[in-house]
2 protein chains.
Amino acid sequence: MDLDIVRTFVAAADAGQFQEAAAELAITQQAVSKRIAALERDVGVRLFTRTPRGAELTIDGQAFLPHARELLRVAERAVTSVCTGRRPLRVDMLASRSAASGLMRGFHRAHPEIDLDVVMLFDIEKAVAAIRSGAIDASFRAVAMPGRPLPEDIESVRVLDEPLQLLVGPAHALASARSVTVAQLAGHRIWMPGLAPGTEWTAYYDDLVAEFGLTIEATGPNFGSDALLDTIADTPALATFMGGRTRLVWPAGHGLRRIPVTDPTPVYPHSLLWRRDNPHPALATLRAHLAATAAGHGAAGTWAPDWVIPR
Amino acid sequence: MDLDIVRTFVAAADAGQFQEAAAELAITQQAVSKRIAALERDVGVRLFTRTPRGAELTIDGQAFLPHARELLRVAERAVTSVCTGRRPLRVDMLASRSAASGLMRGFHRAHPEIDLDVVMLFDIEKAVAAIRSGAIDASFRAVAMPGRPLPEDIESVRVLDEPLQLLVGPAHALASARSVTVAQLAGHRIWMPGLAPGTEWTAYYDDLVAEFGLTIEATGPNFGSDALLDTIADTPALATFMGGRTRLVWPAGHGLRRIPVTDPTPVYPHSLLWRRDNPHPALATLRAHLAATAAGHGAAGTWAPDWVIPR
DNA sequence: CTATGGATACAACCCTTGGTTGTGGCCGGG
DNA sequence: CCCGGCCACAACCAAGGGTTGTATCCATAG
């Protein structure tokens, strides 16, 4: 199905006749006739009743019309999403179901008129490069890498500390615990596939390991959260860390448990990064919204690497 | 833009390489390459970075991807909306902003999983024919026409009495009234363009006129509610009737007033009509919903023509 | 270092799609 | 009864889009 044909259908429906629609679209009446005929062949029903003084929608055509308009609207938005000028606010985050997505949902509820696009870049290095180039407008990341300060033109503000939770299967030794201390985790196998060297999130877990003497296995590629959850559920001796604000597609019947970690509670520090001279109007709105709704961070009893930017 | 191209884009993004996407779509890799190139030319930005072992999305491509998926979803719904089998529940009503649309909004809130399509047929005769043929599943109308009973296979139930209101401009003699009695309306010019002979809504106003000795002018074609509202606002001696549940796009600065009518309050009786043997599962859900949320009708102090079906 | 395999891009060819022009049929109004 | 307006059908033509064949690039294995 071609969107030009859909456009033709809408124009013909609005005009009530093919000829006027043809004039609007700068094609001949015969072309409109052929397009409509092709569309009717595609969907398998008659959309217009042709009369000697025009064409009016059939019931099926009436039902189809709003969907056609919606189709054109969505196409419009799709194109503007990659337009260089006046495009939606484009935000990078760690993962589509991470805590940052919760913040963005809140922002969207508060400002439904602002168009948003979410992308997921590899690490903060890529994110900073994308912010500097203007490819994205903002990023939710942990900053900065140890010994690698942010460039001058990038600003950042810490917006959310996400408490880590332990994820275990039903047969795990800690499965029935209401909460566990960091000290209790020493000696347990914690599996986090996909930790890539040189990324800021791997640096975070490296620090966590060094600080509290934990054992984190990063072996094997990451086959996706489904496969990870399956393995965790089936392996009694295995656990993994998960952001406490992560909304999982919870697999039914796996018996997985999320267990808070305490003494101290490791928190993953999300900061908002943006380029100082980025003129996107929605960026200021986002910053104001986050400042207004900022959750507590750097709270007592929590731990984060000392290289993260201060609160 | 062709939806086949969008489909190709999504397939390539999912596969991470053109070759596999080509195999899925049963075309050659070269065709995929050309389609993607055409799409990139259309939107004006690069969507993939080609590597020797595949193609991965650029940031723009990532931003575009969810829009592309949405586009395909909407297209799918558009097609199923005119599919004969398992299509959305198709409901006819008097006007898109009439009281019936409020009922349907409530139904949609209660059952957001049920797809709906709204159409507006000419009159009850057309609606009954469409219901019998299966072209639509239900209709909100005033039934039945005087002396013209519903066919055997059509059922109906009165679901909502909509009180009429008087709509006047700021300079009208009744503009400052909190409410008016029917008796007060005698002698005032009431203008309702577009009252077509033989329709059930014209029959309603004919009865109203006969019962209370009103003056309703139906002269002139209906140029749409905007034009009607403009005229009403500008003409001191002119008023019109409007459904009390109608949600107008209220023109700013016109000073229009909506005035309740009493002694008695004329109500427009909306009934739900459907074919007894219509198997659409959502139809039963709609009937149950309307039965559960039924607003009062046939209340004391209201008037409706005696030919409408009993409550 | 070289050969190989797998991936994309480019070129040539050809068919099909889709546009235009020309024409006929239908119905309502003067 | 004729005329005018509108849509459908046929013929023609150009261009888009698919296929086959080939070049290029890079990672990996030998």
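Per chain, numbering begins at 1; letters A, B, ... match sequence-line order. Just so you know, these numbers come straight off a predicted model, no measurement behind them.
- When the ring-ring contact (aromatic ring centres under 6.0 Å, His included) test is applied to Phe64(B), the partners found at least two apart in sequence or on another chain are Phe9(B).
- Every residue was checked against the salt bridge (charged side-chain N to carboxylate O under 4.0 Å, His left out) condition with Glu24(B), not counting sequence neighbours, and none meets it.
- With hydrogens and angles left out, the side-chain atoms of Arg46(B) and Thr58(B) include no donor and acceptor closer than 3.5 Å.
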Please list, pair by pair, any protein nitrogen or oxygen found under 3.5 Å from a nitrogen or oxygen in nucleotides 25-28 of chain C.
none

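- For Asp234(A), there are no side chain to side chain donor-acceptor pair (under 3.5 Å) partners two or more places apart in sequence or in a different chain.
- Annotation: the span from Met192(B) atom CE to Thr240(B) atom OG1 amounts to 4.5 Å, rounded to 0.5 Å.
- Residues passing the ring-ring contact (aromatic ring centres under 6.0 Å, His included) test with Phe18(B), sequence neighbours excluded: Phe48(B).
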Output side-chain donor-acceptor pairs under 3.5 Å for residues 119-126 of chain A, partner residues at least two apart or in another chain, one line each.
unit_1	atom_1	unit_2	atom_2	d
Asp123(A)	OD1	Glu125(A)	N	3.2
Asp123(A)	OD1	Lys126(A)	N	3.0

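- The stretch residues 25-43 of chain A touches DNA chain C through Ile27(A), Thr28(A), Gln30(A), Ala31(A), Lys34(A), Arg35(A), each having a heavy atom within less than 4.0 Å of the strand.
- Protein chain B touches strand DNA chain D; the 5'-most and 3'-most nucleotides with an atom under 4.0 angstrom of its non-hydrogen atoms are dG18(D) to dA27(D).
- Of the residues in residues 7-23 of chain B, those with a non-hydrogen atom less than 4.0 angstrom from any atom of DNA chain C are Gln17(B), Phe18(B), Gln19(B).
- In this structure, CG in Leu89(B) is found 6.0 Å from CE in Met104(B), a value given to the nearest 0.5 Å.
- Under the salt bridge (charged side-chain N to carboxylate O under 4.0 Å, His left out) criterion, Asp115(B) pairs with Arg77(B), sequence neighbours left out.
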Legend entry - Stepwise side-chain hydrogen bond (donor to acceptor under 3.5 Å, both in side chains) test for Thr202(B) and Thr199(B): CA-CA 5 Å; Thr202(B) 297; Thr199(B) 64; 2.9 Å; yes
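- Residues passing the salt bridge (charged side-chain N to carboxylate O under 4.0 Å, His left out) test with Glu70(A) are Arg73(A), sequence neighbours excluded.
- Residues meeting the salt bridge (charged side-chain N to carboxylate O under 4.0 Å, His left out) test with Glu20(A), sequence neighbours left out: none.
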